[in-house]
Amino acid sequence: QVHLVESGGGLVQAGDSLRISCAASGRTFSMNAVGWFRRAPGKEREFVVGVSWSGESTLYADSVKGRFTVSRDNAKNTVHLQMNSLKPEDTAVYYCAARTVGWTSSRALDYLYWGQGTQVTVSP
């Protein structure tokens with residue numbers, strides 16, 4: 001079992017930056033990759049970024065490429081998502097997810113464990 005807890009969400013203005021984090025505990029040795037997804041009000045869940053647990057491989061959605069950066073803190077079993085140049089359309093609940101089979105993926109179905117989410121709100 002892997003337990004994921006997101007943190008760092010909040011209310012910011014357009015153009016601001018924010019860093020959210022995903023702390024993993026439990027059987028973290030079984031994790032192959034972590035993904036960030038988001039769900040905006042009235043919209044489907046959307047892939048944001050994926051990173052292999054080794055940190056060697058990353059995959060970004062086109063909508064965030066160049067603005068968001070994912071990183072890992074090996075010592076703390078934590079994955080960070082640095083979000084710069086935020087836009088109102090980035091407003092959503094952000095979820096981290098972990099998979100134990102396979103590698104970086106943009107498909108939600110590939111991820112077995114999910115956190116509870118953290119709200120990010122970007123005002124115009």
Side-chain angles (χ1 to χ4, degrees):
Q1 189 81 5
V2 174
H3 187 54
L4 303 172
V5 178
E6 301 94 337
S7 63
L11 171 63
V12 297
Q13 294 185 328
D16 285 352
S17 297
L18 190 67
R19 189 178 82 162
I20 58 177
S21 300
C22 174
S25 61
R27 298 171 61 90
T28 57
F29 60 85
S30 66
M31 295 169 56
N32 282 5
V34 170
W36 282 99
F37 293 79
R38 65 186 181 187
R39 187 191 297 274
K43 294 188 177 181
E44 297 291 321
R45 181 171 49 191
E46 175 189 24
F47 169 75
V48 178
V49 61
V51 59
S52 60
W53 197 233
S54 67
E56 296 176 350
S57 174
T58 58
L59 180 66
Y60 289 90
D62 288 342
S63 58
V64 305
K65 201 172 293 183
R67 299 189 298 124
F68 290 12
T69 303
V70 66
S71 63
R72 281 197 60 224
D73 183 334
N74 292 351
K76 297 182 178 180
N77 287 330
T78 300
V79 175
H80 303 292
L81 183 61
Q82 178 67 42
M83 304 182 292
N84 298 329
S85 302
L86 282 162
K87 306 174 182 179
E89 50 263 44
D90 293 318
T91 295
V93 177
Y94 283 72
Y95 300 90
C96 69
R99 64 181 308 194
T100 59
V101 178
W103 304 108
T104 311
S105 171
S106 63
R107 300 195 321 161
L109 290 175
D110 288 337
Y111 293 85
L112 181 61
Y113 300 104
W114 290 80
Q116 294 299 307
T118 186
Q119 176 70 48
V120 173
T121 303
V122 185
S123 63

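Heavy-atom basis, side chains included; hydrogens, waters and symmetry copies ignored.
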Worksheet item: Are V12 and V64 connected in a single hydrophobic cluster, I mean Ile/Leu/Val/Met/Phe/Trp/Tyr linked by side-chain heavy atoms less than 4.5 Å apart?
Response: yes
Discussion item. By the definition side chain to side chain contact (heavy atoms under 4.5 Å, CB included), identify the one residue from L86, L18, L11 that meets it with V122.
Written reply: L86
Discussion item. With clusters defined by side-chain heavy atoms of hydrophobic residues (ILVMFWY) lying less than 4.5 Å apart, directly or transitively, does L59 cluster with V48?
Written reply: no
Worksheet item: When rounded to the nearest 0.5 angstrom, what is the spacing between OG in S7 and CD in Q116?
Response: 13.5 Å
Worksheet item: With under 30° as parallel and over 60° as perpendicular, where do the rings of F37 and W114 fit, or are they tilted in between?
Response: tilted
Discussion item. Can you tell me how far apart OG (S63) and CZ (F68) are? Round to the nearest 0.5 Å.
Written reply: 7.5 Å
Worksheet entry | Salt-bridge contact D62-K65 (side-chain N to carboxylate O under 4.0 Å) | yes
Response to the item:
For S57 and T104 the tightest heavy-atom approach is OG-OG1, 3.4 Å
Practice prompt. Please identify each residue that fulfils side chain to side chain donor-acceptor pair (under 3.5 Å) with R107, with sequence neighbours left out.
Written response: D110
Fill in: In one Ile/Leu/Val/Met/Phe/Trp/Tyr side-chain cluster, 4.5 Å: L4, F47
no
Discussion item. Tell me the closest heavy-atom pair linking Q82 and S17, and the distance in Å.
Written reply: NE2-CB, 3.8 Å
Discussion item. Side chains of R38 and L81, heavy atoms from C-beta outward: is any pair under 4.5 Å?
Written reply: no
Worksheet entry | Heavy-atom side-chain contact between W36 and V79 under 4.5 Å | yes
Fill in: Side-chain heavy atoms of S21 within contact of K76, under 4.5 Å
no
Fill in: Point-to-point distance, once rounded to the nearest 0.5 Å, from OH of Y111 to CG of N32
10.5 Å
Worksheet entry | Gap between atom OG1 of T100 and atom OH of Y113 - 0.5 Å precision | 6.0 Å
Worksheet item: Taking the side chain as C-beta and beyond, is there a heavy-atom pair between D16 and M83 under 4.5 Å?
Response: no
Discussion item. Quick one, L112 and R99 - any side-chain contact, counting heavy atoms below 4.5 Å?
Written reply: no
Fill in: Path from V51 to V2 over hydrophobic side-chain contacts below 4.5 Å
yes
Worksheet item: Taking everything shown except R39 itself, do over 12 heavy atoms lie less than 6.0 Å from its CZ?
Response: yes
Fill in: Atom pair CZ (R67) and CG (D90), whose distance is rounded to the nearest 0.5 Å
4.0 Å
Worksheet entry | Closest contact, heavy atoms only, P88 versus P124 | CG-CA, 4.0 Å
Discussion item. Using the rule given for side chain to side chain contact (heavy atoms under 4.5 Å, CB included), can you reason through Y60 versus V70, listing the C-alpha separation, both sets of side-chain angles and the distance that settles it, and then say yes or no?
Written reply: CA-CA 9 Å; Y60 289 90; V70 66; 3.4 Å; yes
Worksheet item: What distance do H80 atom NE2 and C96 atom SG have between them, rounded to the nearest 0.5 Å?
Response: 11.5 Å
Worksheet entry | Heavy-atom check, side chain of E6 versus side chain of Y94, under 4.5 Å | no
